[in-house]
A.B. asks: 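Structure provided below as structure tokens; questions to follow.
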Number of protein chains: 2
Amino acid sequence: MAATRRPTLADVAREVGVSAKTVSRVLNEDGPSSPETRQRVLAAVAKLGFQPNLMARNIRVGGPDTTIGLIVPDMGNPFFGTVAGGVEDTVRDRGLTLLVGSSSDDPERERALIQTFLARRVSMLMVVPAVGSDHAYLKTQRAAGLPLVFLDRPGAGLSADCVVSSNRAGSQEGVTHLVARGHRRIGFVGDLPTRLYTRRERLAGYRAALEDAGIAYDRSLVTGAHDQRTAAEVTTRLLALPDPPTALYAANNIMALGVVAELARTGRKDVALVTFDDLPLAEILEPALTVVAQNPAELGHAAATTALARLDGDRTRARTVTVPTTLIARGSGELPPRDRPSAQVPAPARRG
Amino acid sequence: MAATRRPTLADVAREVGVSAKTVSRVLNEDGPSSPETRQRVLAAVAKLGFQPNLMARNIRVGGPDTTIGLIVPDMGNPFFGTVAGGVEDTVRDRGLTLLVGSSSDDPERERALIQTFLARRVSMLMVVPAVGSDHAYLKTQRAAGLPLVFLDRPGAGLSADCVVSSNRAGSQEGVTHLVARGHRRIGFVGDLPTRLYTRRERLAGYRAALEDAGIAYDRSLVTGAHDQRTAAEVTTRLLALPDPPTALYAANNIMALGVVAELARTGRKDVALVTFDDLPLAEILEPALTVVAQNPAELGHAAATTALARLDGDRTRARTVTVPTTLIARGSGELPPRDRPSAQVPAPARRG
DNA sequence: GTGAAAGCGCTAACAC
DNA sequence: GTGTTAGCGCTTTCAC
């Protein structure tokens with residue numbers, strides 16, 4: 001069965017005995033058409049199984065395609081999946097279709113995806129920037145009016161709209177929650193080394209909370225990991241310190257999994273814990289997990305709303321939208337420090 | 001700043017002082033070109049920031065676009081996110097771009113998405129069919145050679161390639177695990193009422209396991225729920241039966257969350273549990289959760305491989321690929337039935 | 001090695 | 001109410 005040619009407007013027109021333009025008029029409800037031709041055209045369309053070629057249409061009409069390009073680090077991460085869902089829900093009514101790619105947080109892959117999307121003349125571009133990528137090369141597109149929104153993290157090299165969570169304030173709130181329960185040695189388990197915006201912000205929130213409480217920053221309590229396994233490892237390392245933390249703060253959902261798993265594995269129920277990002281089973285852990293929850297669907301929604309406004313001609317200055325986080329106190333942050341004076345009195349230094 | 005027109009091939013040609021065709025030749029490495037013109041063309045491309053219009057190219061070349069249409073029920077569900085990732089990883093090398101849409105399991109939405117994708121002349125279509133959707137209308141496209149793969153569940157109304165998990169065998173293995181520990185009353189918590197393929201299969205596996213063990217099927221032990229909350233509710237209802245189950249089997253990840261949460265909330269550590277689908281924290285629950293794990297990335301990979309083979313001219317009969325599941329015994333399935341004779345002896349009926 | 005002309009499927013602009 | 005012509009940005013075909 002050879003791949004038969006798809007029918008075209010001309011085929012339909014021939015079938016009905018009218019001009020191509022008439023068929024086009026009927027299908028797009030553009031200009032007038034007699035009820036009778038209308039019927040016959042629609043019948044022929046159904047008979048031939050004609051489907052207008054959107055690309056051909058687009059090329060003639062000019063302007064951007066009715067697609068939107070979205071780049072995330074990893075679609076399997078429910079955080080980004082939910083972000084994508086938020087975007088789609090918001091643009092659906094406008095008849096826009098989602099073009100999605102994962103960068104795996106690799107700047108080169110991100111750039112290749114952006115090039116592909118630009119070649120497809122997407123109507124807007126929404127990017128979760130990979131660590132270390134520079135977007136200066138997009139200046140021309142921006143100037144030409146392409147809506148560009150950075151998601152979750154700001155882009156580098158040009159000013160553009162940006163939608164992020166309240167990483168710093170949320171982090172500060174979470175750590176303050178621990179400080180208020182008397183903890184003075186609070187371990188930080190964060191993601192990739194430096195450079196990544198969200199880590200910087202969340203670390204800054206951690207430091208701000210300590211500073212507010214008059215607690216000196218101790219570099220040895222701040223650790224970095226890349227995945228659940230390494231997060232578990234640094235948890236062990238932190239708790240083995242001569243003067244170990246009495247509470248931990250995990251800076252994202254992957255780190256949270258690692259810390260939670262490690263505390264469970266070693267049966268440590270005496271360490272208070274707050275995590276950034278909610279987990280599906282947070283409520284049923286013992287103790288139930290206290291988290292600073294993000295709102296990924298709203299992140300996607302806000303990004304789409306911003307981009308749509310640009311598409312509709314909004315030429316005001318680039319703005320940053322901050323989507324608030326929510327502290328959900330469930331119990332794991334309530335533990336007081338053990339074997340230590342509570343509240344503001346510094347713990348005696350125990351070395352060796 | 002008015003939206004300036006994007007530069008075209010003709011613009012580049014004018015800049016260099018050659019014909020459009022020469023520029024096209026250079027960029028596509030089609031036909032010969034002198035090193036010198038080559039340089040000048042590339043310089044002009046860079047200077048003008050020219051990006052070939054992929055849609056225009058496609059329209060001229062004919063044939064399908066280099067996109068692939070993927071429809072899932074919900075992108076926020078990590079299962080489908082991971083499936084999408086598996087697809088993308090597999091098609092990336094072929095230069096294909098992913099067009100993604102969520103159907104929310106609504107047949108009308110699914111159909112609208114498919115129409116849009118067809119209008120975009122996708123090179124292949126991969127669909128997780130919504131409950132109750134009929135795909136007979138795609139026969140023409142299939143006949144015309146469009147690769148079509150149903151994912152996770154078979155489609156209805158036409159024969160097409162299909163990639164599914166070993167739902168029945170996996171389910172049977174999970175329930176047999178419980179039977180082998182002496183359970184004879186095993187509650188089933190499944191998803192949407194009837195009609196959904198995966199539920200049918202998983203229920204069939206449950207029944208097969210019982211039958212193998214000579215246990216009569218008890219309709220009152222089989223319950224349906226739609227989300228985590230209702231799964232928790234039916235768990236309660238099951239355990240409140242006059243002759244309650246001593247073990248539970250949850251037929252997907254959402255059900256699993258509901259059952260696990262409810263058992264934890266009520267402190268029931270005496271009920272054995274096996275779930276279909278793994279959970280991120282399964283290992284650290286108490287007892288650790290025994291699961292029948294699916295392999296969503298492999299599902300996406302297999303679907304993409306199949307579709308690519310079709311694209312490359314494979315015209316053999318439609319096939320169904322079954323991706324094996326894996327029983328991961330972690331502990332929650334090890335509990336013997338309490339207050340009951342073990343193994344093959346039937347429990348005394350306790351009524352009222 | 002390069003160019004001119006035609007045409008992919010569709011619609012804008014103008015006829016009538 | 002309908003048809004004609006031209007042209008979107010690109011590539012194919014054929015000529016030089």
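Hydrogens, waters and symmetry mates are skipped; everything else that's a heavy atom, side chains included, is used. So you know, we letter chains A, B, ... as the sequences are listed, proteins then strands, and number each from 1.
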A.B. asks: On DNA chain D, compare the nucleotides closest to A/Lys21 and A/Arg121; which residue's is nearer the 5' end?
C.D. replies: A/Lys21

A.B. asks: Under the ring-ring contact (aromatic ring centres under 6.0 Å, His included) rule, what pairs show up with a residue in residues 129-162 of chain B, not counting sequence neighbours?
C.D. replies: B/His135-B/Phe150

A.B. asks: Find which nucleotide of DNA chain C each of A/Arg6 and B/Ala20 is nearest to by heavy atoms, and output the residue with the more 5' nucleotide.
C.D. replies: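 Taking each residue's closest nucleotide, the earlier one in sequence belongs to B/Ala20.
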
A.B. asks: Is A/Arg153 salt-bridged to A/Asp105, cutoff N-O under 4.0 Å?
C.D. replies: yes

A.B. asks: Run the salt-bridge test on A/Asp314 and A/Arg319 with the 4.0 Å N-O cut-off and return the result as yes or no.
C.D. replies: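 Salt bridge: yes.
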
A.B. asks: Do you know which of A/Leu99, A/Val127, A/Leu151, A/Val122 makes side chain to side chain contact (heavy atoms under 4.5 Å, CB included) with A/Leu70?
C.D. replies: A/Leu151

A.B. asks: Just by distance, with hydrogens left out, do B/Arg38 and B/Ser33 show a side-chain donor and acceptor under 3.5 Å apart?
C.D. replies: no

A.B. asks: Quick one: do B/Arg120 and A/Asp65 make a salt bridge, cutoff under 4.0 Å?
C.D. replies: yes

A.B. asks: Taking only heavy atoms on the protein side, list every residue of residues 24-31 of chain B lying under 4.0 Å from any atom of DNA chain D, sorted numerically.
C.D. replies: B/Ser24, B/Asn28

A.B. asks: Taking only Lys NZ, Arg NE, NH1 and NH2, and the carboxylate oxygens of Asp or Glu, determine whether B/Asp161 and B/Arg317 approach each other closer than 4.0 Å.
C.D. replies: no

A.B. asks: Rounded to the nearest 0.5 Å, how far does CZ of B/Arg310 lie from CG of B/Leu146?
C.D. replies: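 Reported to 0.5 Å precision, the distance equals 12.0 Å.
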
A.B. asks: Roughly how far, to the nearest 0.5 Å, is CD1 of B/Ile68 from CG of B/Leu125?
C.D. replies: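 Here the rounded value is 9.0 Å.
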
A.B. asks: Go through DNA chain D in 5' to 3' direction and return only the first and the last nucleotide with some atom under 4.0 Å of chain B's heavy atoms.
C.D. replies: D/dG9 to D/dT12

A.B. asks: Can you tell me if B/Glu88 uses its side chain to pair, donor with acceptor, with the backbone of A/Ser102 under 3.5 Å?
C.D. replies: yes

A.B. asks: Tell me if the CD atom of B/Gln115 is crowded by more than 12 foreign heavy atoms within 6.0 Å.
C.D. replies: yes

A.B. asks: For DNA chain D, what residues of residues 47-67 of chain A have any heavy atom nearer than 4.0 Å?
C.D. replies: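 Of all residues in residues 47-67 of chain A, the ones placing a heavy atom under 4.0 Å from DNA chain D are A/Ile59, A/Arg60.
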
A.B. asks: May I ask you to decide whether A/Asp30 forms a salt bridge with A/Lys21, counting only side-chain N to carboxylate O separations under 4.0 Å?
C.D. replies: yes

A.B. asks: At the 4.0 Å heavy-atom cut-off to chain B, mark where contacts on DNA chain C begin and end, going 5' to 3'.
C.D. replies: C/dG1 to C/dG9

A.B. asks: Only counting residues at least two apart or in another chain, list the ones meeting ring-ring contact (aromatic ring centres under 6.0 Å, His included) with A/Phe79.
C.D. replies: none

